[in-house]
Amino acid sequence: MAEQPTYYITTAITYPNGEPHIGHAYEYISADVMARFKRLDGYETFFLTGTDEHGQKVQQNAEAQGLTPKELVDQNAAVFKQVDDEVLNISYDRFIRTTDTDHYEASQAIWRRMVEAGDIYLDKYSGWYSVRDEAFYAESETEVREDGERYSKETNTEVHWVEEESYFFRLSAYQDKLLKFYADNPDYGGPRSRFNEVIRFVENGLNDLSISRTTFDWGVPVPKDLTESETSLDHVMYVWVDALTNYLTGVGFPNTDSESFAKFWPADLHLIGKDISRFHCIFWPAFLMSAGIELPKRVIIHGHLHNAGVKMSKSIGNVVAPSAWVDTYGLDPVRFFLLREFPYGQDGSYTHEAVVGRKNSDLANNLGNLAQRSLSMIAKNCQGAIPEPGQLTEADQAILEQASSLLETSRKAYEVQEFHKALERTWHVLGETNAYFAEAAPWKLAKGDAAEQQRMRTVLYVTAEVIRRVALLIQPVIPDSATKLLDALAVEASGDAGATNASNTGPRSFAAFGDALVPGTPIAKPQPIFPRHEEKEDA
RNA sequence: CCGGGGUUAGCUCAGUUGGUUAGAGCAGAGGACUCAUAAUCCUUUGGUCGUGGGUUCAAGUCCCACACCCCGGACCA
């Protein structure tokens, strides 16, 4: 047997300092869909997500609440994990926390490698520092406001003059190497327009990067044996060094001989938001080059979601909790909407009407009703079993051919994370199938002679077979509904709609895409799977 | 200020290397059907393709200028 292909995908790890909102859900769901697709397509897949728990902000918040930092992040991380587990049905293989003990080991190991490469040196940093942003600002980027305090103009956070000893990473030495890497790997960052912005930024020159702090201790300690010869201070790593390293920790680093590291590194895809593209497209590859570790294959940068065109913000009060949406619309409609509605990579604007439109029009009408009408006819007119088709006409073959092409179309689209295109094409075929069904009018054939009855059975078979193929392919997006659909078609159970590698093979994996429904298989009386949206009564 | 992207039907968007009557989905209108979740199918209304110039036999598609929007970045305080 040929060696099984592998796939390693990560989300950004979340800074758990607030309630999860629909933007977090967008990232988790899209990564989940990608992971499920790959599992169903036969890839041994590892899907990593988690929380980023270090930093001064956490330490200060904890003090303010009378907790230890660990107590605080235990609480907050649990909230995010719960959303993954109980609200969004996210099929991660590991929920990593940067406070996990193996992560300390990994972070110290990559640091050590970068020291050995001669890329880390001790110096002094001074400047205006914002605790909230965890960033330094030039004086010109700040201003003193009415309350006498100095603020960052861009982010409106308080800044303080900080002068501290810090370790630096020789990022400036990587400008040419990075540019060459981008040129050699034009698909490293996507979509192209966002990747171009990164490249232009690098072309404008890079400064060395401060990568340690001494003013607080909530972080991964820089190994003492590396610092004792030159300083007596205790350094902890700048959060981004340890945060990015989570991608290595997740698959076994620093144990590079481990089975999981050998299997899954380099990562196939880092899926992140546009706010952190620079960390993933510049710092991360530079760190890895320095440490002599292979670079990930691709970073896909998604956009942000806007509430009816307005940026979500707590002060405006238009932040939507994932659980609120799921309660209102149902999980699968939410998952479908997020991936179908927006070209992946661009910002998206959502409205209640838009979500309801997708739920009713695409799911309930075009797919749900097609399944219901065809399966009902099979239940009533074919002794409740998948019928035996007769000679296929050109129309039959044409619609089956369209459905067949969807596997390759979807693979190509998913390869570059153009989820919307895969779904658009799939729903186009469903539209054609509805037209095919109306044209063939099997309900009229049911009343005809033996030849017409045979023709009816053929039409019903072809329609059901199209639905089977579509149902297989949309398992990643709407796993629960697609499973019900396959159940209704009496497709032999296998796997778990892409949730684990148990979905790599079997009648419900993509390996079975080219199979066909087996005539004579009994089916149950169909029940509607995609209800139309019901508006709740005003409170 | 520099760079990138955008400005196409009521809404969201496609429009390939410039080439016949500018497309889709949703929404609207009319009709059909009754298997089905008042779903589906057919037909149809609707656009001076941001503005003004230019190149060309021919421009949504190329060039220039301008306006507005979005995204990056720089500089001055």
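Every chain is numbered from 1, with letters handed out A, B, ... down the list of sequences. Computed from a predicted structure; not experimentally measured.
Ring geometry, Phe181(A) versus Tyr188(A): the interplanar angle exceeds 60°, so the pair is classed perpendicular (tilted spans 30 to 60°).
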If you restrict it to nitrogen or oxygen atoms, what contacts under 3.5 Å exist between nucleotides 26-33 of chain B and the protein, and what is each distance?
{"from": "C33(B)", "atom 1": "O2'", "to": "Trp443(A)", "atom 2": "NE1", "distance (Å)": "3.4"}

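Atom pair Phe336(A):CZ and G25(B):C1' shows a separation of 12 Å (rounding to whole Å applied). Distance CG (Asn204(A)) to C1' (C1(B)): 14 Å, rounded to an integer number of Å. Between Leu363(A) atom CG and U40(B) atom P there is a gap of 13 Å when expressed in whole angstrom units. One interatomic measurement links the two molecules: CE of Met456(A) to C1' of C35(B), which rounds to 11 Å at whole-angstrom precision. Remark: C1' of A24(B) and CZ of Arg425(A) are 12 Å apart, rounded to the nearest angstrom.
Partners of Arg298(A) by salt bridge (charged side-chain N to carboxylate O under 4.0 Å, His left out), not counting sequence neighbours: none found. Pro507(A) meets the side-chain contact (heavy atoms from CB on, under 4.5 Å) test with Val491(A), Glu492(A), Ser494(A); sequence neighbours excluded. Residues meeting the salt bridge (charged side-chain N to carboxylate O under 4.0 Å, His left out) test with Glu465(A), sequence neighbours left out: Arg468(A), Arg469(A).
Rounded to whole Å, the C1' atom of G5(B) lies 49 Å from the corresponding atom of C35(B).
Heavy-atom distances under 4.0 Å link RNA chain B to no residue of residues 393-420 of chain A.
With hydrogens and angles left out, the side-chain atoms of Thr11(A) and Thr49(A) include a donor and acceptor closer than 3.5 Å.
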Secondary structure of RNA chain B in dot-bracket form (Watson-Crick or G-U wobble, distances below 3.5 Å, | marking inter-strand pairs): (((((((..((((.....[...)))).(((((.......))))).....(((((..]....))))))))))))....
